[in-house]
Amino acid sequence: GYFYPQKAAPGYVIVEAPFAVGNRDSVLVQATCPDGKKVLGGGGNLVDSTWFMERSYPLSDGSAWRVGFKSSGQTFSAAGAAYAICASVD
């Protein structure tokens, strides 16, 4: 079946936080929910396959999803995004 987010989670939105870095070996990216919404889940993606996702977790107050990316040592520039799945919850 299909997941109908608007019915399952009122005010459902996906927040994207794109990034691009150079001359670095790691980066921490945060996708923050709009006011009045809490994070239900999240994740991230990378354009460069020589980097990897080191960590992915919600903030303890439920306001955002944070993703850490790290270089394998082959390159020191990367681009991608962190994502937060947010909704209005009680």
Side-chain angles (χ1 to χ4, degrees):
Y2 292 95
F3 174 59
Y4 294 99
Q6 293 296 345
K7 293 181 181 179
Y12 171 95
V13 295
I14 297 176
V15 176
E16 179 182 23
F19 75 94
V21 295
N23 297 320
R24 295 181 61 178
D25 65 354
S26 65
V27 63
L28 191 61
V29 185
Q30 181 171 304
T32 302
C33 293
D35 288 342
K37 297 185 188 302
K38 295 291 182 181
V39 70
L40 303 178
N45 73 341
L46 286 162
V47 174
D48 190 331
S49 63
T50 65
W51 281 58
F52 61 92
M53 186 183 299
E54 183 177 42
R55 57 188 178 253
S56 179
Y57 58 93
L59 268 65
S60 60
D61 66 359
S63 65
W65 195 270
R66 198 173 275 172
V67 183
F69 299 99
K70 188 158 182 67
S71 170
S72 66
Q74 296 178 21
T75 65
F76 297 97
S77 298
Y83 299 93
I85 301 166
C86 308
S88 302
V89 295
D90 293 332

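Cluster membership check: V29 does not share its hydrophobic cluster with V15, using side-chain heavy-atom separations under 4.5 Å among Ile, Leu, Val, Met, Phe, Trp and Tyr. Taken together through direct or relayed side-chain contacts under 4.5 Å among Ile, Leu, Val, Met, Phe, Trp and Tyr, M53 and Y83 form parts of separate hydrophobic clusters.
S71 has its side chain out of reach of S26: every pair of non-hydrogen atoms, C-beta onward, lies at least 4.5 Å apart. Residues R66 and Y57 form a side-chain contact, since some pair of their non-hydrogen atoms from C-beta on lies under 4.5 Å apart.
Checked by atom type and distance alone, the side chain of K37 pairs as donor or acceptor with a backbone atom of G11 at under 3.5 Å. Although no hydrogens or angles enter the test, the distance criterion places no donor-acceptor pair under 3.5 Å between the side chain of S72 and the main chain of W51.
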(message) Could you go through V67 and W65, starting from their C-alpha distance and side-chain angles, then the distance that decides it, and tell me whether this counts as side-chain contact (heavy atoms from CB on, under 4.5 Å)?
(response) CA-CA 7 Å; V67 183; W65 195 270; 3.6 Å; yes
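Shown here for S56 and G43, the closest heavy-atom pair between the two residues is OG-CA, 3.9 Å. What you find for D48 and S77 is that their closest heavy atoms are OD2-O, 3.4 Å.
Note: F19 CZ to Q30 CD = 14.0 Å, rounded to the nearest 0.5 Å. Distance SG/C33 to CG/L40: 7.5 Å, rounded to 0.5 Å. Note that the NZ atom of K38 and the OG atom of S63 stand 6.5 Å from one another [nearest 0.5 Å]. Atom-to-atom distance recorded for K70:NZ and D25:CG is 4.5 Å, nearest 0.5 angstrom.
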